[in-house]
Amino acid sequence: MWIYQKNLEYPVKVCGPNPKLAKVIITQYGGPDGELSASLRYLNQRYSMPTDKARGLLTDIGTEEMGHMEIVATIFYKLTRGVSPQQMEAAGLGGHYAQHNHALFWNDANGVPWIASYVQATGDPITDLTEDMDAEQKARSAYEHLIQLSDDPLVTDVLRFLREREIVHFQRFGETLNDVQGFMNSKKFF
Amino acid sequence: MDNSQENPQAQKVIITACDHNNQLAMLLEIQQLQFIAIELNLYLDTHPDDQQALMSYNSIVPQLKQSIASYEQLYGPLFHFGLSTSQLTWQWINSPWPWDM
Ligand SMILES: [Fe+2]
């Protein structure tokens, strides 16, 4: 069960319409290393985790990532609000406008739609937690690239917050991987 | 029966920019307290026996509850599905939604 809380995890303000910036930031909504991938990956991997620590952590980080998806959606929404079709086209969002108007969609920065093969669940907790650590680093890199591209200081501030969260998640997944490895050894799994 | 004073549309009109700023400030307090809770929560997931972190987490809970109660008194429910009450009308659906704040 999930409960919706009617506020963002972190406030989102933008300096003004900026479809060029929106076009690249959408990758953290529906790109390979984006927040949809993250939240679905973690919540889906919970069922094959052998320890309560791992089940708890995947539940909590998966839930926080859903909140991050909402933050990225809000950035795109605010950056494209009131932008004309011609301005969308000039910013490289002509294809987005043709298919989705101003609606949100899970695309990467090049307009490629999200696919389930961005994520994996092998049922091997060591493999899955290693993928999770890898995913957090990829998301951190993506946010760093977006910070380099951002010409809106208010958006940059939110991107910095999201980048920091990936670092914390990586740390927690690393601790959980160690813990699960110890658990597997103690069970003489092989 | 004249219930115009209880009309939510009439109430909406008198919401000023100042009100909106106050709403954002009260939300910010919730966001700040909850951020501490989220950080401690993830830490406790992997360090469940850390007494100091546990005490910190437990001390945030009543503060966060208090901030949420004060906010909801003025601006309506932050939660659906039975966790917050509405006054006079079903306030849950009222704007602004998070992406419009
Ligand atoms: Fe993350």
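Worth knowing before you read on, the calculation uses all heavy atoms, side chains too, and leaves out hydrogens, waters and symmetry mates. Residue numbers begin at 1 in each chain, while the letters A, B, ... track the order of the sequences. It should be emphasised that the depicted structure is a prediction, and the values quoted were computed from it without experimental measurement.
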Asker: Among A:His169, A:Arg165, A:Arg81, which has the most heavy-atom pairs under 4.5 Å with chain B?
Answerer: A:Arg165
Asker: Please classify the contact between A:Phe161 and chain B as side chain, backbone, both or neither, with a heavy-atom cut-off of under 4.5 Å.
Answerer: side chain
Asker: Would you check if the side chain of B:Gln34 reaches a backbone N or O of A:Glu9 as a donor-acceptor pair within less than 3.5 Å?
Answerer: no
Asker: Heavy-atom distance under 4.5 Å to chain B: side chain of A:Lys53, backbone, both or neither?
Answerer: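 Looking at A:Lys53, backbone and side chain both touch chain B.
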Asker: Evaluate the side-chain contact (heavy atoms from CB on, under 4.5 Å) criterion for residues B:Tyr43 and A:Arg172: first the C-alpha distance (whole Å), next the side-chain angles of each, then the deciding distance (0.1 Å), finally the verdict.
Answerer: CA-CA 7 Å; B:Tyr43 175 84; A:Arg172 300 281 97 89; 3.7 Å; yes
Asker: Which atoms of A:Glu64 are under 4.5 Å from chain B, going by heavy atoms: the side chain, the backbone, both sets, or neither?
Answerer: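 For A:Glu64, the side chain is the part near chain B, not the backbone.
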Asker: Sort A:Tyr4 into side chain, backbone, both or neither according to what part of it lies under 4.5 angstrom from a heavy atom of chain B.
Answerer: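 Both parts, backbone and side chain.
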Asker: Can you tell me how far the OG1 atom of A:Thr59 sits from the CG atom of B:Asp45, to the nearest 0.5 Å?
Answerer: 8.5 Å
Asker: Quick one: what part of A:Ile71 sits under 4.5 Å from any heavy atom of chain B, side chain, backbone, both or neither?
Answerer: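 Interface part for A:Ile71: neither.
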Asker: Among A:Asn7, A:Asp179, A:Val12, which residue forms the greatest number of heavy-atom pairs with chain B at distances under 4.5 Å?
Answerer: A:Asn7
Asker: Tell me, side chain or backbone of B:Phe35 under 4.5 Å from chain A's heavy atoms, or both, or neither?
Answerer: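 Side chain only.
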Asker: Please check if the number of heavy atoms outside A:Trp106 that lie under 6.0 Å from its CH2 is greater than 12.
Answerer: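 No - once you tally the heavy atoms of other residues, nucleotides and ligands closer than 6.0 Å, there are 12 at most.
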Asker: Tell me which of these, A:Thr74, A:Val168, A:Leu57, has more heavy-atom pairs under 4.5 Å with chain B than the rest.
Answerer: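 Going by pairs under 4.5 Å, I would pick A:Leu57.
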Asker: Taking the cut-offs as 6.0 angstrom to the six-membered ring centre and 45 degrees off its axis, would you call A:Lys6 and B:Trp97 a cation-pi pair?
Answerer: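 So A:Lys6 does make the cation-pi contact.
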Asker: Kindly compute the distance separating CD1 (A:Ile3) from CG (B:Leu78), expressed to the nearest 0.5 Å.
Answerer: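 It is 13.0 Å, given to the nearest 0.5 Å.
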Asker: Under a 4.5 Å heavy-atom cut-off, does chain B meet the side chain of A:Gln171, its backbone, both or neither?
Answerer: neither
Asker: Quick one: what part of B:Leu27 sits under 4.5 Å from any heavy atom of chain A, side chain, backbone, both or neither?
Answerer: side chain
